[in-house]
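Heads up, the thing below is written out as structure tokens.
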Protein chains: 2
Amino acid sequence: MGATDGDIMDKNEAADKRETGTLGKLMVLLDIVTHADSPMRFTDILAVAGQPRGTLHRQLGHLTEEGLLEVLADGRYAPGLRLLDLASRSWARNEFRLIAEPHLNALQQLTGETVHLGVLRGASVIYLDKVEGSQPVRMYSQIGNASPIYCTGVGKAALSALPDDRLDAIISSVLFQRFTDSTLTPETLRREIADIRRSGNAFDREEHEVGIRCVAAPVCSEDLSFVGGVSVTGPAYRLTFERLEEWALPVRRTAESIMSGMRIGLGPRR
Amino acid sequence: MGATDGDIMDKNEAADKRETGTLGKLMVLLDIVTHADSPMRFTDILAVAGQPRGTLHRQLGHLTEEGLLEVLADGRYAPGLRLLDLASRSWARNEFRLIAEPHLNALQQLTGETVHLGVLRGASVIYLDKVEGSQPVRMYSQIGNASPIYCTGVGKAALSALPDDRLDAIISSVLFQRFTDSTLTPETLRREIADIRRSGNAFDREEHEVGIRCVAAPVCSEDLSFVGGVSVTGPAYRLTFERLEEWALPVRRTAESIMSGMRIGLGPRR
DNA sequence: AATTGAGTTCTGAATAATGGAACTATCGGG
DNA sequence: CCCGATAGTTCCATTATTCAGAACTCAATT
């Protein structure tokens with residue numbers, strides 16, 4: 001199982017200067033509960049939320065009332081079903097995903113491996129879509145997942161599309177966790193970004209999970225409102241280094257197709 | 001393409017007596033935007049939200065700031081990526097889903113058809129999980145989807161587990177849309193519910209989509225904090241009426257296994 | 001240049017959130 | 001059975017946010 005990262009988008013998320021008032025406070029709670037490994041009791045939340053008991057109680061009540069949280073039989077709080085409902089709609093109609101979909105399928109056909117579309121959010125990559133071969137594998141298990149940016153092909157590809165100031169801001173806000181022997185550090189990451197900018201391709205050589213490699217290429221809109229990447233991922237025994245090189249170009253081509261689709265689909269304000 | 005229902009959980013959702021203050025108002029907006037077929041301009045939202053311009057502007061600003069909404073290049077509002085992030089976590093750790101998973105897989109193996117786990121939320125069914133055969137079909141396209149309760153096997157199974165008062169409340173709050181020639185009306189639904197209670201199985205005989213049939217059975221926790229169902233779904237040419245009968249028992253067995261798993265997993269307040 | 005439409009900013013007044021304390025319920029000993 | 005904890009809920013005067021509407025900016029239209 002791929003390590004899920006709990007603590008990556010710390011500062012970028014919270015320390016945004018602007019305030020969102022009541023909503024912001026509630027979202028902090030929602031994050032606490034959804035990030036927990038298992039449902040939390042009132043007191044558990046109280047300990048980390050740093051709010052007076054009365055206040056917390058009302059806030060959790062409101063979140064529950066709205067279906068964003070759920071109270072289990074034993075009183076513990078878990079994420080609510082409304083989230084699934086909201087997300088499924090948000091996913092189904094996502095413009096970028098819709099534009100990319102046919103190109104992702106084509107790339108999957110060509111390579112026979114799993115193809116991903118990911119997008120940068122804060123200091124994480126969120127997988128927007130995934131096209132697999134024939135195996136009946138759990139799909140939701142990836143889509144929507146937030147993954148670290150410094151050890152996934154899509155993440156590094158996305159970073160390479162950013163201007164230096166935003167790149168620096170992100171790199172310094174992330175804490176680098178070591179997943180495998182090959183996981184990058186801030187310094188090696190910077191060097192790699194330079195390579196990616198030159199070649200147009202990012203690679204993941206078992207940097208996140210042993211035995212998993214990928215080739216990726218950046219996909220972004222002109223105004224950088226969308227910054228992400230496409231990738232082809234597979235097991236190391238099939239994705240030899242030659243294979244990775246061989247697919248570098250098709251992946252880049254796919255990225256370009258998606259980008260030109262975005263210009264058509266989003267350019268004219270219909 | 002299966003019809004997606006926009007307008008089903010009207011009253012139950014909104015007319016809940018309790019107020020959630022600021023959060024409630026913001027969630028209404030979020031619903032408006034996520035329910036829209038395409039991104040909405042400020043003025044579009046203004047028209048349906050019934051809020052003063054200034055107020056709406058700030059509210060949308062807050063939602064955007066939190067990543068729940070996104071502002072596209074042309075200023076239109078679309079659902080934000082944070083929703084995916086929240087939902088993926090909420091799904092991955094959902095207790096009921098985790099308990100049901102192995103049983104769903106077993107049922108899929110046995111029947112070779114697609115197996116669903118759904119749960120009642122308000123007056124809709126939300127699909128919590130789906131196990132398919134070999135076809136590489138889009139999974140997210142179902143999970144999280146809210147479907148009508150009166151014309152899906154899982155929906156009818158779930159209803160049959162409810163006490164009469166809650167059943168009545170739901171039936172009267174839903175507006176029955178006619179999807180196919182076989183779609184039920186409030187009256188025929190009530191009659192069917194009675195059948196389901198007797199036999200333990202719900203069927204969908206092309207009531208939602210022509211050519212699609214299913215057998216389902218109710219799954220619920222003792223305290224009715226979870227009310228849902230499992231189903232086996234497939235094309236009419238494979239799921240003959242004899243087949244449906246043949247699988248009625250295995251589906252019921254699966255439902256029972258899940259329920260006993262829930263008693264073990266949820267009973268003792270660990 | 002004048003008009004309309006779309007979006008943003010500002011303000012005192014209205015409303016909802018806050019936090020502390022008091023209250024209740026449940027549990028584990030002694 | 002009672003005591004003291006621990007856990008969760010309710011209350012209410014105070015305070016901070018949100019509200020509504022008007023005034024304002026900016027662009028496109030005529």
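Note: hydrogens, waters and symmetry copies are ignored here, and every other heavy atom, side chains too, is used. A, B, ... follow the sequence lines: proteins, then strands. Residue 1 opens every chain.
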| task | Of all the heavy-atom pairs spanning A:Cys220 and A:Ala161, show the shortest one and how long it is. | result | SG-CB, 3.9 Å
| said: Under 4.0 Å, counting only non-hydrogen atoms across every strand here, what does A:Thr22 touch: a base, just sugar-phosphate, or nothing? | reply: sugar-phosphate
| request: Whole angstrom is fine here: how far is it from NE2 in B:His62 over to C1' in C:dT9? | output: 14 Å
| Given D:dG8, C:dG19, C:dA17, the nucleotide with the shortest approach to the side chain of A:Arg41 | D:dG8
| How are the rings of B:Phe179 and B:Tyr150 set to each other: parallel, tilted or perpendicular (split at 30° and 60°)? | parallel
| query | Using the benzene-type ring in the case of Trp, are the ring centres of A:Tyr77 and A:Phe42 under 6.0 Å apart? | reply | no
| Between D:dT18 (P) and A:Leu26 (CG): distance, integer Å | 10 Å
| task | Applying side chain to side chain contact (heavy atoms under 4.5 Å, CB included) between B:Leu159 and each of B:Ile196, B:Ile170, B:Val227, report the one that passes. | result | B:Ile170
| request: Look at the side chain of A:Arg53 and the base of D:dG8, then say whether one donor and one acceptor between them are separated by less than 3.5 Å. | output: yes
| query | In whole Å, what is the span from the CD atom of A:Glu65 to the P atom of D:dT9? | reply | 14 Å
| task | May I ask you to evaluate whether B:Thr43 reaches the phosphate of C:dG7, defined as a side-chain N or O under 4.0 Å from OP1 or OP2? | result | yes
| Rounded to whole angstroms, how far apart are CG on B:Leu60 and C1' on D:dT18? | 14 Å
| message | Distance check needed: C:dG7 C1' versus B:Met40 CE, whole Å only. | response | 16 Å
| request: Rounded off to whole Å, could you give me the CG-to-C1' distance for the A:Asp44 and D:dA7 pair? | output: 11 Å
| task | For B:Thr55 and for A:Gln59, find the nucleotide of DNA chain C with the closest heavy atom, then tell me which residue's nucleotide is more 5'. | result | B:Thr55
| Of A:Leu23 and A:Tyr77, whose nearest nucleotide on DNA chain D comes first from the 5' end? | A:Tyr77
| query | Does B:His57 place a side-chain N or O at less than 4.0 Å from the phosphate oxygens OP1/OP2 of C:dG7? | reply | no
| request: Identify whether any heavy atom of A:Gly21 sits under 4.0 Å from a base atom; if not, whether one sits that close to sugar-phosphate; answer base, sugar-phosphate or nothing. | output: sugar-phosphate
| note | In terms of heavy-atom contacts, A:Ile258 and A:Leu104 come closest through CD1-CD2, 4.1 Å
| request: Compare the minimum distances between each of D:dC19, C:dG19, D:dT9 and the side chain of B:Arg58, then state the nucleotide with the smallest one. | output: D:dC19
| query | For D:dC19, does OP1 or OP2 lie under 4.0 Å from any side-chain N or O of B:Gln51? | reply | no
| message | Using whole Å, what does the distance between atom C1' of nucleotide D:dA27 and atom CG of B:Asp74 come to? | response | 16 Å
| Roughly how many Å is it from CZ in A:Arg76 to C1' in D:dG8, rounded to a whole number? | 16 Å
